[in-house]
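Scroll down for the structure; my scribbles are underneath it.
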Amino acid sequence: MRLSPSPLISAEQIRQRVAHLGRQIDAEYSSLAGEDGLIFVVILTGGLFFSADLARNVNTPLRFEFVAARSYEKTQSNGHVVFTHRPERSLEGKHVLVIEDILDTGRTASAVLDLLKADKPASLALCALLDKPSRRITPIQAKYVGFSIDDHFVVGYGLDYEQQGRHLPEIFTLERE
Ligand code: IMP
Ligand code: MG
């Protein structure tokens, strides 16, 4: 795996943006959420790092659920989404925010939203750290986006290339070998 010599997005840029998203989420949900609070449904594994930092910038009462979806082979989506983990508790009547690392073709997030809609949540929205709008196949928009980027394959801060590089604190572009 060869990464760009300098990050596309630095740890400090991520920190500031995540803090801002946390404030936006509080502004929207603190009054709505009531005693049940808000539920983050984190798309594993990429959304893990982002959701953990984002949660620490949110004051609205918060709970976590997780979904695991497979759709990706190396750098190409094969377009088929399979769930290997689903939320353990019903989301009926809850305010749900789906946390995704990156919106690429949009197939994964749209399959997750369809899955969760069946539970009849009170509200359902999407928060993505990164968005590659030029790659979109399934029309879908996130309510909250950290950074909109060009069509690069990126690694770090949760995003992997064949399971490598998730732990990096910055986001790099993958360079062709
Ligand atoms: P989509 O279904 O095509 O939107 O792809 C979403 C999933 O593909 C994301 O949750 C990521 O796991 C993975 N993915 C898409 N683009 C990238 C990238 O640039 N780097 C790492 N993973 C990516
Ligand atoms: Mg991945």
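Bear in mind the structure is a predicted one, so any value in this text is a computation, not a measurement. Numbers here simply count residues along the sequence, with the first being 1. Remember, it's 1-based here, ligands and their atoms both numbered in the order they're listed.
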Between Asp131, Thr108, Val155, Asp160, flag the one that comes closest to atom 6 (C) of ligand 1 by a heavy atom.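 Result: the heavy atom closest to atom 6 (C) of ligand 1 is in Thr108.
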Output yes when a side-chain donor or acceptor of Arg135 lies under 3.5 Å from a complementary backbone atom of His152, and no otherwise. no
Taking Ser4 for its side chain and Thr173 for its backbone only, find out whether a donor-acceptor pair lies under 3.5 Å.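 Judged by distance alone, yes, a pair lies under 3.5 Å.
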Would you mind listing every salt bridge (Lys or Arg N to Asp or Glu O under 4.0 Å) that reaches into residues 42-57, with sequence neighbours excluded?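 Only Asp53-Arg56 qualify under salt bridge (Lys or Arg N to Asp or Glu O under 4.0 Å).
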Ligand 1 and Gly106, any nitrogen or oxygen pair closer than 3.5 angstrom?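 Looking only at distances, the answer is yes, because the N/O contact criterion of under 3.5 Å is met.
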Do ligand 1 and Phe153 have nitrogen or oxygen atoms that lie under 3.5 Å from each other?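 So ligand 1 has no N or O lying under 3.5 Å from an N or O of Phe153.
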Give the atoms of ligand 1, by number and element, whose distance to some non-hydrogen atom of [X] is under 4.0 Å.
{"X": "Asp104", "value": "1 (P), 3 (O), 4 (O), 5 (O), 15 (C), 16 (N)"}
{"X": "His152", "value": "19 (O)"}
{"X": "Thr105", "value": "1 (P), 2 (O), 3 (O), 4 (O)"}
{"X": "Glu100", "value": "6 (C), 10 (O)"}
{"X": "Lys132", "value": "16 (N), 17 (C), 18 (C), 19 (O)"}

With a 4.5 Å cut-off on side-chain heavy atoms, are Leu97 and Tyr144 touching?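 Heavy-atom side-chain distance check passes, below 4.5 Å.
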Using side-chain heavy atoms (C-beta onward) and a distance below 4.5 Å, is Leu116 in contact with Pro87? yes
Would you please name every residue forming a side-chain hydrogen bond (donor to acceptor under 3.5 Å, both in side chains) with Gln16, sequence neighbours left out? Glu12
Which heavy atom in Arg17 sits nearest to a heavy atom in Val145, and how many Å separate them?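 Distance-wise, the nearest heavy atoms are NH2-O, 2.9 Å.
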Mark the output for Arg135 as yes if a heavy-atom distance to ligand 1 is under 4.0 Å, and as no if none is. no
Below 4.0 Å from ligand 1: does a non-hydrogen atom of Ile102 turn up there or not?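 The answer is yes: ligand 1 sits under 4.0 Å from a heavy atom of Ile102.
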